[in-house]
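Right, one structure below, let's go through it.
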Amino acid sequence: MGRYFTTQRHEDLRQRVRDFAEREVRPRIEDMETQRVVAHQLSRLIARQGLIGATIDTAYGGMGAGHLAKTIIIEEVSRVSGAMGAMVQASQLGTAKIIHFGDQQQRQTWLPRIAAGDCLPTIAVTEPESGGHVLGMASTAVRDGDDYILNGRKVFVGNSHVGDLHGVVVRTGPGSRGLSAFLVEAHRPGFSLAEHQPAMGLHGFSFGELRFDNCRVPAANLLGREGQGLEVAYSSSILYGRPNLTAVSLGIHQAILEETTAFCIERERYGKPLGELGNIKLKLGRIQSRLMTARLAAYHAVHLLDSGLPCDAELMNAKLLNHEYAIESANDAMEIHAAAGLFTNRPIERYLRDAQHIYAPAGTSDVQLLRLGELALGASKGQWSERLADLVRTVPTEHRQEEQLATAGHPV
């Protein structure tokens, strides 16, 4: 595997996560695929390895290792199981809101628990009617003395059914400054979950519906200031969602290459390995080329993010390329496998199904292209990564990350 912006410490972390995923996650995949229910116990086991705390400062018990380290963690879990890679990325996405907008009390209360794997957080923005149009949301929070009362629904919430702490963006007033974010514990009266609905892929992961029926939360659970909900939603999506989903695609893509290469070596045609046929070798070459380009785009974007540099375009491009390329490579792999790829005794059909799930979250491919088109035309409305650069720079410097990666004693 080529080195793209990584150090030996990053590669050591990769190996530790890979060993854990092979040992603890892979043996459970068959059950997850067969039962198609939420993998509660495995989600907790993964969280207890400290993997959710990649960007949480060491002062709160986290790794403090930055976004590139986070990308590698998600990538390596996704290489074995896209579902559990999605679980890890959704948890780290839910962590962002507390790191960047939580007050000292909220950070001290929740970040150590998240880093230790005792709490799985989520971020809940999307609604049934407005979809990804954040300003179109209708769920509300109304102040009532020392509390707020929440009403409404949120859908497609990653980790919905394993989450302990939901970061919920709702409307407290009109317009773009009328959105606010709250921390809602899963045990709150008035909070409930819709029944888990199995989907096309990512079996074992939950991305379902949260319901709020006069759900009362203390005013102390407000994230940031009233009216900062848009910043909470966009910062979580742009600075965490896009690179996190990029990493899930990247891990699945790596698995596609490995599985297809192994198939081409073991399967014979005309008295020699399938991979020696020219047309097959060309398809393998395309998969390899796409994967190299996708990884370079992914690692470059989070390297800029770790450096506190504006990188909205790079994050958009990385999410776009990694999803599109993983799908294209999965289709090539299915053609190489031919009829053999249609059966569940080989994982290639699972990779194709899982990869499809990365299209919509944090902006579809069309959304990324529209924003990149605006950039090309000089019509961009500014960069969220630049607006939040002071928050991003709270991530340790590269030298400090080296020390923290070296000393992080997590049991993976």
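Atom set for the values below is all heavy atoms of this structure, side chains included, hydrogens, waters and symmetry mates excluded.
Panel note: side chain R216, backbone D147; no donor-acceptor pair is recorded below 3.5 Å. Although no hydrogens or angles enter the test, the distance criterion places a donor-acceptor pair under 3.5 Å between the side chain of T364 and the main chain of V367. The main-chain N or O of A233 is never found under 3.5 Å from a side-chain atom of S237 such that the two would form a donor-acceptor pair. Without hydrogens or angle criteria, S206 side chain to V38 main chain gives no donor-acceptor distance under 3.5 Å. Here the side chain of T260 pairs no donor or acceptor atom with the backbone of L257 at under 3.5 angstrom. Under the 3.5 Å distance criterion, the side-chain polar atoms of N244 are matched with a main-chain donor or acceptor of Q89. Between the side chain of S380 and the main chain of L375, no donor-acceptor pair closer than 3.5 Å is present.
When all heavy atoms are compared, the tightest approach of T122 to K97 is O-NZ, 2.8 Å. Listed here is the closest heavy atom pair of A297 and A318: O-CB, 3.7 Å. In terms of heavy-atom proximity, K319 sits nearest to P361 at NZ-O, 2.9 Å. Across every non-hydrogen atom of A326 and I256, the tightest pair is O-CD1, 3.6 Å. Of all heavy-atom pairs spanning H203 and M32, the tightest one is CB-O, 3.4 Å. Across all non-hydrogen atoms, the minimal contact from C311 to L304 is CB-CB, 3.8 Å.
Side chain to side chain, Q15 and E11 fail the donor-acceptor criterion of an N or O pair below 3.5 Å. Judged by distance alone, the side chains of S365 and E324 do bring a donor and an acceptor atom under 3.5 Å apart. Counting only N and O atoms by type, the side chains of H133 and S130 include no donor and acceptor under 3.5 Å apart. A donor-acceptor pair shorter than 3.5 Å can be found between the side chains of S385 and D312. E259 and H337 share a side-chain donor-acceptor pair at under 3.5 Å. Using a 3.5 Å distance cut-off with no hydrogens or angles, the side chains of R171 and T140 do not pair a donor with an acceptor. Defined by atom type and a distance below 3.5 Å, a donor-acceptor pair is missing between the side-chain atoms of Q254 and Y351. For the residue pair N221 / E185, a side-chain donor-acceptor distance below 3.5 Å is found, with atom types taken as modelled. With no hydrogens or angles considered, a side-chain donor-acceptor pair links S91 and N159 at under 3.5 Å. In this structure, a donor-acceptor pair under 3.5 Å is absent between the side chains of E349 and T344.
When the shell of 6.0 Å around OH of Y359 is examined, it contains more than 12 heavy atoms from other residues, nucleotides or ligands. Around CD of E266, the count of heavy atoms belonging to other residues, nucleotides or ligands within 6.0 Å exceeds 12. The local environment of CE in M334 is crowded, with over 12 non-hydrogen atoms from other residues, nucleotides or ligands closer than 6.0 Å.
Salt-bridge check for R269 with E276: failed, with every basic side-chain N at 4.0 Å or more from each acidic carboxylate O. A salt bridge does not link E314 to R242: none of the charged nitrogens lies less than 4.0 Å from a carboxylate oxygen.
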Problem - ring pair (Phe, Tyr, Trp, His ring centres under 6.0 Å) between F182 and H166, worked out - result: CA-CA 8 Å; F182 297 87; H166 302 288; over 10 Å; no
Problem - Step-by-step side-chain hydrogen bond (donor to acceptor under 3.5 Å, both in side chains) determination, S329 to H253 - result: CA-CA 7 Å; S329 289; H253 202 164; 2.7 Å; yes
Problem - From CA spacing to verdict: side-chain hydrogen bond (donor to acceptor under 3.5 Å, both in side chains), E30, T34 - result: CA-CA 6 Å; E30 184 176 354; T34 301; 5.1 Å; no
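To the nearest 0.5 Å, atoms OG (S249) and CG (L321) are separated by 10.5 Å. For the atom pair M63 CE and T55 OG1, the distance stands at 10.0 Å (nearest 0.5 Å). Note that CG of L111 is 5.0 Å distant from CD1 of I56, once rounded to the nearest 0.5 Å.
Cation-pi check for K70 over Y240 is met; the charged atom lies under 6.0 angstrom from the ring centroid and within 45 degrees of its normal.
Ring orientation note: the planes of H196 and H161 are nearly perpendicular, at an angle over 60° on the 30°/60° scale. By the 30° and 60° cut-offs, the orientation of the rings of F5 relative to H303 is parallel.
If you run side-chain contact (heavy atoms from CB on, under 4.5 Å) between L210 and each of V157, L150, V184, only V157 comes through.
Taking the centre of each ring, H357 and F207 come in below the 6.0 Å mark.
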